[in-house]
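As the structure lists them, so they are numbered: ligands from 1, and atoms in each ligand from 1. FYI, side chains are in, hydrogens and waters are out, and symmetry mates aren't considered; it's all heavy atoms of this structure.
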Amino acid sequence: MRPTDILNGELCVGGLPLTRLAERVGQTPFYAYDRTLLASRVASVRAALPAGIGLHYAVKANPMPALVGFMRPLVDGLDVASAGEMAVALDAGADPLHVSFAGPGKREVELVQAVAAGVLVNLESMREVALLASASQRLGLPARVAVRINPDFDLRGAGMRMGGGAKPFGVDTEQVPSVLKAIGAAGLQFEGFHLYPGSQNLKGDLIAQALTQSHELVVRLASDAPTPVKHVNLGGGWGIPYFPGEQPLDLAPVSDALAGVLQRMAAELPGAHAVLELGRYLVGEAGVYVARVLDRKVSRGQVFLVTDGGMHHHLAASGNFGQVIRRNYPVAIGNRMAATEREVASVVGPLCTPLDVLAERMEVACAEPGDLVVVFQSGAYGPSASPQAFLGHPRCAEVLV
Ligand SMILES: *Cc1c(COP(=O)(O)O)cnc(C)c1O
């Protein structure tokens with residue numbers, strides 16, 4: 001579901017050939033996110049899942065305001081991880097009823113903002129119960145809360161684990177009953193539970209297993225809740241293929257497990273509504289990063305394409321955003337998609353560090369200064385997850401096309 005249209009040898013994004021898009025943007029490097037691909041991804045997820053499951057977008061994956069505004073009417077809610085993201089979600093027109101706010105270190109002012117906005121707070125510690133109680137009292141509004149559970153099982157297969165074992169995220173299963181009691185005593189408006197076992201999982205059967213385990217855990221903990229469970233956020237963590245040999249996620253087992261969970265939930269937690277929160281799975285494949293070749297150097301037999309972009313805009317493609325072993329994102333010379341002359345080259349950025357690599361010894365079309373390097377799978381964890389100030393180079397642009 002990455003851009004695939006080619007016109008006169010040029011990759012098209014949002015219907016525009018890349019060289020023309022670069023002129024339209026007025027600079028390189030830039031990120032471009034394709035509306036058609038975003039919408040078709042949401043539609044295909046909905047088609048694959050049983051009816052009745054809510055679909056939320058996790059703004060952290062790509063907080064560009066125009067993109068969040070485009071996603072907002074396509075999904076059933078937005079999940080945010082800071083007051084800054086909450087502001088983007090509310091500016092995009094999100095209904096606070098369907099915005100939830102998670103994160104391990106919410107500042108007092110952020111909790112007050114969340115109560116004033118009327119969003120659901122996925123609370124992650126006893127400290128947050130106390131702060132929300134005083135915010136509720138001062139504002140005369142009961143805080144809407146769900147408890148984020150740090151489960152007593154692992155989601156195997158996740159590229160980044162965020163639940164199970166000792167974690168700063170959520171409330172350990174064994175501490176949940178006392179947090180629920182405190183929520184009841186403080187008069188907060190309890191709505192349900194949130195689980196998020198981890199990110200970048202490409203194994204549908206393991207995601208399916210975690211969904212079923214999550215449901216069972218929620219049912220177990222619900223017996224200590226001050227009021228009936230209305231909302232269960234079952235998390236997400238669905239991955240996209242970045243590297244050679246990775247296969248797209250098989251949604252069939254996920255969908256089957258979800259159908260079972262929804263059926264059991266209707267019986268075991270009547271009145272509860274379940275949602276999934278997906279970040280990169282919805283937006284990651286719809287975006288590309290584009291940088292211009294500034295120089296072509298041959299050093300002791302190896303070709304280096306030096307571009308005006310690099311790790312300061314795209315930390316993830318450089319291999320420095322959580323990867324253990326550096327592997328190449330899919331990269332191409334976007335204005336030479338039909339070229340038959342190809343060579344092995346490394347694509348690097350302008351920074352004075354050996355970490356500034358976009359592709360290492362990869363086969364690409366033979367390129368010259370002025371050509372446009374495209375990094376695919378770049379719709380998530382791009383500029384907002386990159387150290388743009390590092391070395392004082394210009395910032396990248398972002399466009400929604
Ligand atoms: C990071 C995060 C997400 C989004 O993760 P993706 O891998 O982009 O899907 C969703 N929910 C929570 C709680 C997160 O921390």
In this structure, which one of L7, N335, V290 forms a side-chain contact (heavy atoms from CB on, under 4.5 Å) with L18?
V290

Hits for side-chain contact (heavy atoms from CB on, under 4.5 Å) against A102, two or more places apart or cross-chain, chain-then-number order -> N122, E124, R148, H194

side-chain hydrogen bond (donor to acceptor under 3.5 Å, both in side chains) between E277 and Y196: does it pass, once the steps are laid out?
CA-CA 9 Å; E277 57 178 355; Y196 191 74; over 6 Å; no

Sequence neighbours excluded, the answer for ring-ring contact (aromatic ring centres under 6.0 Å, His included) partners of F169 is none

Can you list every pair where an N/O of ligand 1 is under 3.5 Å from an N/O on the protein?
| residue | atom | partner | partner atom | Å |
| --- | --- | --- | --- | --- |
| ligand 1 | 5 (O) | Y196 | OH | 2.9 |
| ligand 1 | 5 (O) | S199 | OG | 3.3 |
| ligand 1 | 5 (O) | Y381 | OH | 3.3 |
| ligand 1 | 7 (O) | S199 | OG | 2.9 |
| ligand 1 | 7 (O) | R280 | NE | 2.9 |
| ligand 1 | 7 (O) | R280 | NH2 | 3.2 |
| ligand 1 | 8 (O) | R280 | N | 2.8 |
| ligand 1 | 8 (O) | Y381 | OH | 2.5 |
| ligand 1 | 9 (O) | G279 | N | 3.0 |
| ligand 1 | 9 (O) | R280 | N | 3.4 |
| ligand 1 | 11 (N) | E277 | OE2 | 3.0 |
| ligand 1 | 15 (O) | K60 | NZ | 2.8 |

For Q189 and V145, indicate whether the former's side chain and the latter's backbone hold a donor-acceptor pair under 3.5 Å.
no

Could you note down all residue pairs passing ring-ring contact (aromatic ring centres under 6.0 Å, His included) where residues 58-110 supplies at least one of them, sequence neighbours left out?
none

